[in-house]
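A quick write-up on the structure given underneath.
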Amino acid sequence: MLKGRHLLEPMDLTTKEIDEICLLAEKIIDNPKKYRNVCQGQILATLFFEPSTRTRLSFEAAMLRLGGSVIGFSDSSSSSVSKGESIVDTIKVISCYADIIAMRHPKEGAPKIAAMNTNIPIINAGDGGHHHPTQTLTDLLTIKRAKKRFDNLTIGLCGDLKFGRTVHSLVKAMLRYPNNKFIFISPKELEIPDYIKDELKEKRIEFMEVTKMEEVLPKLDILYMTRVQKERFFNEEDYIKLKDTFILDKEKMKLANKNMIVIHPLPRVNEIHPEVDNDKRAYYFEQVKNGMYVRMALIMKLLGIEE
Ligand code: NCD
């Protein structure tokens, strides 16, 4: 039962629960009209202590398409936090107004503190460089629709693997399915964190780390591109040096398998040339749509709304 639970990191969901959420999302995709009033009278609060457009709007569109309502803020400077209110107090107050909260915070662990201080479901919409479970659900639904499976896949993750929370969340989710292989493509400075490598080693899951994408492209079923996370750098110079390390273009796509899919959590900066957008292997805009539908399914499940 998902009713009343929090979603702080992807591992909070069993693989069976992930299947159920994806199944409901696909039912909504097939017949959105059927669901347009199911959340009538319910309120989602979106508390974004860190800037975001698409994730916040995705949550809001999801709730509105279910017939529910939305309150919240998109910038902590416009909330009482700017008056010095603690996150615990903010959450206690908002819990009196809303039925469910989606929150994004620059500090790792902030959604967990929130969850400990409320009796309504908290959805982590991104906490620092830590996790972003609803992006993972978005990625998983996209993989499911394109590949029809979550196992026996070779997954290349490219770009900022150090700070990219969506990368951390997706690897943690995908390592639970059998026979997946991971290829981490990044400059040395932006390598995947040790704690993730340690877990892969411990579970004897195959992975490799490379600094060039050309050599591995032909092996991939999925290419997960990410932007270099500018806001997590301590100095601009380091960011400038690394920002254009990888640019996926038409030429590189020629090296890839004809069934490979390219996904990206967006926003894209330079890492995928717009000329790739028309390639039928480019799934990143489709992925955005999936994100809204999977959030609709998640909201319904956490609120305990029956189909
Ligand atoms: C991602 C995030 O916020 O971590 N974006 C998103 O949720 N759509 C990826 C990113 O910002 O690069």
Side-chain angles (χ1 to χ4, degrees), residues 7-10 25 44 46-63 72-76 101-111 122-143 155-174 184-187 189-190 192-193 196 222-233 238-239 242-248 262-272 282-296 298-299:
L7 177 58
L8 305 180
E9 41 184 75
L44 163 77
T46 53
L47 312 185
F48 277 66
F49 297 87
E50 188 185 69
S52 153
T53 41
R54 88 208 53 238
T55 302
R56 183 173 55 83
L57 294 182
S58 176
F59 270 110
E60 297 189 357
M63 190 53 161
F73 53 83
S74 54
D75 176 358
S76 55
I101 291 175
M103 72 175 280
R104 171 170 287 194
H105 201 284
K107 282 215 180 90
E108 285 87 357
I122 298 281
I123 305 173
N124 176 10
D127 60 331
H130 194 214
H131 278 295
H132 190 351
T134 60
Q135 182 61 47
T136 304
L137 289 174
T138 304
D139 304 338
L140 291 174
L141 180 60
T142 308
I143 292 169
I155 308 148
L157 298 109
C158 177
D160 188 344
L161 310 186
K162 179 179 180 187
F163 296 116
R165 55 190 169 200
T166 64
V167 171
H168 307 157
S169 290
L170 184 61
V171 175
K172 290 283 251 178
M174 292 299 283
F184 299 118
I185 311 158
S186 77
E189 294 87 335
L190 299 177
I192 191 96
I196 293 187
I222 297 167
L223 174 59
Y224 194 77
M225 292 296 295
T226 62
R227 83 184 160 92
V228 175
Q229 306 281 300
K230 183 178 183 189
E231 65 278 30
R232 316 237 181 265
F233 276 75
D238 289 349
Y239 168 70
L242 295 168
K243 73 183 173 67
D244 292 328
T245 317
F246 300 107
I247 299 177
L248 183 68
V262 184
I263 54 178
H264 188 307
L266 303 183
R268 144 174 76 181
V269 186
N270 272 334
E271 58 281 352
I272 304 179
Y283 272 75
Y284 31 92
F285 290 117
E286 174 112 10
Q287 197 180 351
V288 175
K289 241 192 202 160
N290 290 337
M292 179 182 73
Y293 289 117
V294 92
R295 289 183 176 99
M296 290 170 79
L298 178 70
I299 291 170

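By convention here, the first residue in the shown sequence is residue 1. Model, not experiment: these values are computed from the prediction. Every number for a ligand or one of its atoms is a count from 1 in the order of the listing.
Contact annotation: for Arg104 versus ligand 1, heavy atoms closer than 4.0 Å belong to the side chain alone. Residue-level proximity to ligand 1 for Thr226 is absent, since no heavy atom of it falls below 4.0 angstrom.
In this structure, atom 9 (C) of ligand 1 lies nearest to the protein heavy atom Leu266 O, 3.6 Å. Closest to atom 4 (O) of ligand 1, if we only count protein heavy atoms, is Arg165 NE, 2.8 Å.
Counting only non-hydrogen atoms, the option in Gln287, Arg227, Glu271 that gets closest to atom 11 (O) of ligand 1 is Arg227. Relative to atom 7 (O) of ligand 1, the option among His132, His264, Glu231 with the closest non-hydrogen atom is His132.
Atoms of ligand 1 lying under 4.0 Å from at least one heavy atom of Gln229, given by number and element, are 10 (C), 12 (O). Against a heavy-atom cut-off of under 4.0 Å, Arg54 is close to the following atoms of ligand 1: 8 (N). Close contacts between ligand 1 and Thr55 involve ligand atoms 6 (C), 7 (O), 8 (N) [criterion: under 4.0 Å to a heavy atom].
The closest side-chain donor-acceptor pair between Thr46 and Glu60 falls under 3.5 angstrom. With no hydrogens or angles considered, a side-chain donor-acceptor pair links Arg104 and His132 at under 3.5 Å. No hydrogens or angles considered: a donor-acceptor pair under 3.5 Å links the side chains of Thr134 and Arg295. For the residue pair Asn290 / Glu286, no side-chain donor-acceptor distance below 3.5 Å is found, with atom types taken as modelled.
The N/O atoms of Pro267, backbone and side chain alike, include none that comes under 3.5 Å of an N/O atom in ligand 1. Backbone and side-chain nitrogen or oxygen atoms of Thr166 are examined, and none is located within less than 3.5 angstrom of a nitrogen or oxygen of ligand 1.
A salt bridge is absent between Arg232 and Glu108: the closest approach of a Lys/Arg side-chain nitrogen to an acidic carboxylate oxygen does not fall below 4.0 angstrom.
Evaluated for a side chain to side chain contact (heavy atoms under 4.5 Å, CB included) with Gln287, the options Ile143, Ile263, Val262 yield exactly one hit, Ile263.
Minimum interatomic distance between Ala61 and Met292 (heavy atoms only, all atoms of both residues): CB-SD, 3.8 Å. Closest heavy-atom contact between Pro10 and Ala173: CB-CB, 4.3 Å.
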